[in-house]
Every structure is written in C-alpha cells, then in structure tokens.
Amino acid sequence: MKFPFLLLISAIVLSACGPTPTSQTAKQSYQELPFRPNIVWLVAEDLGPYIPPFGDSTVETPTLSWLAAEGIRYTHAFSPSGVCAPSRSAIATGMYPSHIGSHHMRTGGNPLYFAPGMKPYEAVIPPEVRMHGEHLRMAGYYCTNNAKEDYQWNKPVTAWDESSKQAHWRNRAPGQPFFAIFNFEVTHESRIWVKAEDSLWVDENLDVPVPPYLPDNEIGRRDIRRVYSNIKEMDAQVGAIIRQLEEDNLLDSTIIFWYADHGGPLPRMKRLCYDSGLHLPLIIRFPDKRNAGETDDQLVSFVDFKPTLLSLAGIEPPAYVDGRAFLGKYATTPERKYIHAGGDRFDSEYDMIRAVRDHQFKYLRNYRPELGYYMKVKYREQMPIMQELLRMRDAGELNEYQAQWFRDSKPKEELFDCINDPHELHNLAELPQYREKLAELREECDRWMTAIQDKGLMPEPAFLETIWPGQIQPETAKPEIKAEGDQVAVSCATNGASIGYQIVPADAEPGPRWMVYMAPVNLKPGEKMVVQAHRIGYKPSENIFYP
C-alpha cells in the first residue's frame with residue numbers, strides 16, 4: 001500500500017484512535033522477523049503526545065496518523081529526564097543519566113549558561129559501555145545519525161558510519177542492513193521564539209488548548225499556536241523520510257520508530273518531572289504491519305530503547321544496561337511496574353528531584369525543598385509566554401494554578417494521581433487514604449537510587465573531581481600496533497577504549513569514516529592503517545599510522 005500523502009486522513013485517524021486491545025494481546029504476536037530488519041528512528045524534539053493518534057485533534061498530522069494506523073501506539077512511554085541531553089545519553093547507552101553521571105544539563109556547550117565556577121566537561125561513562133550504534137556496526141549494520149548528537153560527551157569515531165546533515169542509509173553498501181536516526185529540530189522550544197515572525201502552518205486564529213498553569217491570553221495562545229504549527233511542519237518533514245523509504249522499496253524491510261526526545265517545550269513542561277516534561281508519544285511500525293492500529297499501554301522508558309533496538313536486530317543486549325528489551329528476539333518479561341526519572345542542574349541553576357511513576361500515580365522526592373520549582377533559566381526566558389508569566393507574577397495576576405510554579409519552597413514529597421489530575425496540580429502526599437501508595441513509591445525510589453548508585457547525591461564539583469581530577473580531562477592511551485604474521489593487531493591500554501581504524505593508500509590522508517576494530521586485519525602492499533582509540537569522556541588518542 002502506498003504511503004497516502006495526498007489522501008484525506010479522517011478515516012485513518014478514526015481507525016487509529018478507535019477500540020484498542022490490551023498490551024498483552026498485542027505482545028503475544030510480537031515475534032522475531034525472518035530477516036535482519038533495517039531500523040529507522042524519527043525523532044521530534046520537545047513534544048508531548050499532542051497529535052491525533054494520541055487524542056489531541058487540534059491539528060491534523062497526515063503522516064503520523066498514517067504511521068499510527070499502520071503501527072502500534074505506546075501510550076505510556078517516558079524519558080528519565082525532562083530535557084534533551086540527559087535523555088539522549090539514556091537512549092544511547094540504555095542507562096539512567098544519574099547512574100552514569102550524565103544527569104546535569106549541560107555538561108558541555110556554551111559556558112555562558114553554566115553555574116559559577118563550573119566549566120564544560122564530558123561525562124565519563126563506565127568502561128564497558130558502548131553507544132548503541134557501535135553495537136550495531138559490529139554486527140554489520142550501516143549506522144547513520146542526521147544530525148543532532150548532544151550526548152553529554154563527544155562521540156568516538158566508532159559510534160557512527162556517518163553523523164552529519166548529509167548522513168543517510170543511501171550511502172551504505174548494496175544490501176547492507178542499516179540503522180538510521182533523523183532528528184527534527186523544528187519542534188524544539190527555541191523554535192517558538194526563533195520562528196515567531198515566520199508564517200504559520202495553522203490558522204492565525206486557531207483555537208488551541210491552554211493548560212491551566214499557562215497564560216490564557218493572546219501572548220500565551222500565540223506561542224501555543226506556534227507549537228502546533230511546528231508540529232505540522234515536523235509531520236511534513238517526517239513524511240519526506242518515509243517517502244524516501246518507499247522510493248527505495250524499503251518499507252517492507254524497515255522497522256520505523258517515531259518518538260519525541262522528552263515532553264513538551266513550554267514553561268512548566270520542559271526540565272521538570274511532571275508528565276508534561278517526561279511523557280512522550282511513541283509509534284512503532286513493523287514491515288509486515290503487525291498489530292496495525294493497536295495500542296500498547298505498558299510502561300516504557302528510554303533506557304529500554306537500546307536493548308530493544310539490539311533485540312530487534314537479533315543482538316543480545318549487554319548485561320550492563322538498566323533497561324529491558326520490550327520487543328524482538330530478546331524481549332524480557334514481566335513488563336515494567338515503574339518508570340524512574342530525575343532533574344538536577346539546568347544551565348546555571350541547581351535542584352535535585354527524583355520521580356517514580358506507575359500506571360496511575362507519580363511520586364516526587366524534592367532534595368532541595370527550600371527552593372521553589374521555578375528556576376531562572378536564561379535560555380527559556382527568551383520565550384514570550386515565559387516573559388508573560390513573569391510579568392503576570394510581578395503584577396500579581398497569576399491564578400491559583402499558575403502561581404504554584406512560583407512558590408518559594410516545595411514539599412519534601414509529592415504524590416499525584418496522573419489519571420484524575422493529569423496536570424499534577426493536587427498533592428496527595430498528606431492524605432491518609434494514600435499512605436500505602438506513598439510508602440510503596442517511596443520505597444521504590446530508595447531501591448532504584450541505591451541500585452544505580454545515584455550520582456546526584458554528590459555535589460557536582462566533587463563528582464567532577466572523581467572523573468576529571470583537577471577539572472582536567474583524562475586522555476586515552478595511544479593505541480599499540482603490531483604485526484602478527486600477515487595481519488595487523490591493535491590494542492589500547494585504556495580500559496573501555498573503543499578503537500577505530502581506516503585502511504587507505506600509503507600516500508593518502510584519512511577520510512571521515514572509521515571502522516570498528518574487532519580483530520586483526522589484513523594490510524596489502526601500498527596500504528597504510530590509521531588508528532584512533534577513544535574512551536567516552538576522555539580525550540581521544542592521536543592518530544597512529546602503520547607502517
């Protein structure tokens with residue numbers, strides 16, 4: 001069936017949002033594909049489930065509505081962080097940000113946004129951990145990223161075959177399976193003010209839903225219209241990639257993930273542990289359209305993405321991951337009972353919040369109750385709706401729910417009923433009828449933080465001293481190369497270093513693409529080998545040439 005770009009979508013949307021089986025019914029028919037599938041991840045930024053397949057009919061999204069009609073909608077997918085870089089570190093490693101020290105936003109980037117005395121650094125993840133793309137490359141996949149990185153560290157040369165705005169599966173060898181990521185920045189929070197003067201993809205008077213904690217006036221509605229305009233533009237961009245899959249006759253051999261990198265872009269969404277910051281839409285379409293149009297309500301975390309990706313490719317996930325494969329050959333049972341999340345430093349402002357959520361209730365533990373929820377993040381204050389909230393605050397015009405975010409302090413514990421109170425405005429922690437649920441989620445929070453040795457419990461300067469002593473970045477050792485008969489073997493003394501190599505003519509310079517070293521390689525007369533070693537978080541080694 002052709003991808004219906006030019007068709008009306010009303011019937012598709014109705015079918016995609018119609019009666020749904022339980023996740024158990026859908027899960028029973030998940031089975032390993034009879035071939036090594038291609039896998040494409042289409043990633044929107046800063047976007048909650050604000051599209052018709054997830055119940056929001058404010059704008060039409062033909063591409064995503066088609067994808068949902070042919071795929072499976074996951075209604076309970078969550079990021080472990082309400083901001084992009086820690087979330088992306090979890091996706092790449094299958095590990096919680098506060099487990100591997102990537103929990104602060106930002107570790108790298110513009111020093112203007114840093115806390116006083118802090119300098120940019122890279123998270124140093126455990127030595128056994130590899131990025132998701134490297135695992136797949138070692139199994140023969142062609143892996144591309146187009147183009148956002150922002151992992152909290154500089155990628156090793158082994159992470160991708162290509163990572164650029166030109167990266168594409170079309171550059172692979174004929175017949176080679178591929179894993180390709182395409183990022184769509186048009187829905188990022190910055191596009192609310194950057195695109196403020198651009199024409200809209202929606203009617204300039206479009207009636208938009210306004211959450212009770214945001215200004216329901218023309219300034220607020222204008223920024224929310226821009227959010228929905230950006231959604232429509234993203235939908236068209238996603239459609240262009242799917243059209244390329246169809247042009248290349250790849251729809252019948254490719255698993256497509258579409259998801260957002262965390263929740264929404266607006267104030268009191270991004271950077272917080274409310275569902276508005278953590279809950280994200282996820283659609284997965286299989287080549288054979290199995291379970292098309294169905295929903296799966298199991299709890300899914302970003303730490304589950306890497307093991308699931310590997311499982312779908314027929315690769316056993318490494319033991320070190322915090323997540324579980326929920327699809328593919330190595331899918332594990334039982335389903336999750338909880339998802340976990342946290343918030344720490346955001347730019348120059350410190351806090352520490354930990355969250356545990358089951359299907360209905362959310363527990364928040366505030367380690368800095370003396371601080372209010374609102375954090376003066378300069379980056380966010382470029383947004384007109386944020387400026388309007390601050391104006392209303394200073395003028396005494398905020399209503400009860402808008403004012404909550406600007407309280408001078410917060411309780412040590414909070415409990416919310418996310419079904420009956422989806423905006424998480426009514427704290428139930430002090431009510432006796434919720435005492436058992438509060439104790440259950442409190443205990444789970446303790447268990448989780450202990451299990452991952454939560455790095456947020458250590459002040460950031462002290463933690464940085466453990467990975468970059470003296471705030472000096474450690475360096476990866478120079479790789480050692482030696483001949484073994486007619487082959488060349490490479491090793492590196494730095495525990496956890498990945499080794500990349502190229503074989504080029506003796507008179508040529510290295511190119512942009514590096515191979516993952518796994519075993520000794522043959523070197524023909526007139527060729528030379530170029531080698532680089534890199535442990536994530538360390539400086540990479542210099543390039544070594546042989547002979």
Side-chain angles (χ1 to χ4, degrees), residues 27 30-32 36-37 39 41 77-81 86-103 123-141 143 151-153 155-156 158-160 179 255 257 298-342 356 444 446-456 466-467 491-492 494-499 516-519 533-538:
K27 188 174 67 175
Y30 295 155
Q31 49 192 286
E32 188 181 1
R36 283 210 298 176
I39 303 171
W41 284 3
F78 295 86
S79 170
S81 175
S87 298
R88 198 168 281 105
S89 74
I91 294 169
T93 64
M95 303 183 76
Y96 290 106
S98 51
H99 189 174
I100 59 175
S102 60
H103 50 297
V124 177
I125 66 179
E128 67 273 17
V129 180
R130 299 288 183 270
M131 288 182 61
H132 46 3
E134 185 168 327
H135 287 278
L136 285 163
R137 294 190 70 200
M138 293 169 71
Y141 273 73
C143 297
Y151 307 114
Q152 304 280 57
W153 56 78
K155 69 181 188 301
T158 51
W160 303 104
F179 168 49
I255 300 172
F257 282 53
Q298 67 175 297
L299 294 169
V300 174
S301 169
F302 272 162
V303 296
D304 302 328
F305 272 40
K306 175 177 170 175
T308 300
L309 168 71
L310 299 181
S311 177
L312 288 169
I315 304 166
E316 185 173 8
Y320 64 70
V321 296
D322 292 326
R324 58 179 292 273
F326 59 90
L327 291 170
K329 180 178 180 179
Y330 296 97
T332 55
T333 55
E335 294 180 1
R336 281 185 167 277
K337 189 175 181 180
Y338 308 104
I339 62 99
H340 310 86
V356 178
E444 173 58 22
D446 288 337
R447 184 209 63 78
W448 168 62
M449 293 180 66
T450 299
I452 66 169
Q453 299 178 312
D454 196 307
K455 304 302 184 292
T466 69
I467 60 171
S491 61
C492 180
T494 300
N495 185 25
S498 294
I499 300 174
V516 183
Y517 177 81
M518 295 184 288
H534 189 178
R535 176 177 172 181
I536 289 177
Y538 284 39

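Taking all atoms of both residues into account, the shortest heavy-atom contact from I100 to A123 is O-CB, 4.4 Å. In terms of heavy atoms, P37 sits closest to Y141 at O-OH, 2.7 Å. The minimum heavy-atom distance linking P307 with P317 is given by the pair O-CG, 3.5 Å. Considering every non-hydrogen atom in both A313 and R36, the closest pair reads O-CD, 4.3 Å. Nearest heavy-atom pair across S89 and Y151 is CB-O, 3.4 Å. The nearest pair of heavy atoms linking I315 to A139 is CD1-CB, 3.5 Å.
Taking a cutoff of 4.0 Å between a charged side-chain nitrogen and a carboxylate oxygen, R137 and E134 do not qualify as a salt bridge.
To the nearest 0.5 angstrom, T308 atom OG1 is 6.0 Å from L327 atom CG. Distance check: L299 CG to Y338 OH gives 10.5 Å after rounding to the nearest 0.5 Å. A distance of 12.5 Å separates CZ in R88 from OG1 in T93, rounded to the nearest 0.5 Å. Note: L309 CG to I91 CD1 = 11.0 Å, rounded to the nearest 0.5 Å. Taking CD1 of I125 as the reference point, atom CD1 of I536 lies at 3.5 Å (rounded to 0.5 Å). Here the straight-line distance linking atom CG of N495 with atom OH of Y538 works out to 8.0 Å at 0.5 Å rounding.
Between the side chain of Q152 and the backbone N or O of S102, at least one donor-acceptor pair lies under 3.5 Å. For S87 (side chain) and S81 (main-chain N/O), a donor-acceptor pair under 3.5 Å exists by modelled atom type. Side-chain atoms of D304 come within 3.5 Å of backbone atoms of R324 as a donor-acceptor pair (strictly under, hydrogens ignored).
The only member of R130, E316, K306 that meets side chain to side chain donor-acceptor pair (under 3.5 Å) when paired with H135 is K306. Between Y96 and the options M449, H340, K455, H103, a side-chain contact (heavy atoms from CB on, under 4.5 Å) holds for only H340.
Aromatic ring centroids of F179 and H132 lie under 6.0 Å apart.
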* Asked: After noting the C-alpha distance and the side-chain angles of F305 and W41, does the key distance pass the ring pair (Phe, Tyr, Trp, His ring centres under 6.0 Å) rule?
  -> CA-CA 11 Å; F305 272 40; W41 284 3; 5.8 Å; yes
request  = Please step through side chain to side chain contact (heavy atoms under 4.5 Å, CB included) for the pair C143 and W160, ending with a clear verdict.
outcome  = CA-CA 5 Å; C143 297; W160 303 104; 3.7 Å; yes
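Contact annotation: the side chain of S311 never approaches that of F326 to less than 4.5 Å [non-hydrogen atoms, C-beta and beyond]. Between S98 and I452 there is a side-chain heavy-atom pair separated by less than 4.5 Å. In this structure the side chain of V129 reaches within 4.5 angstrom of the side chain of Y320, judged on heavy atoms. No side-chain heavy atom of M131 sits less than 4.5 Å from a side-chain heavy atom of T158.
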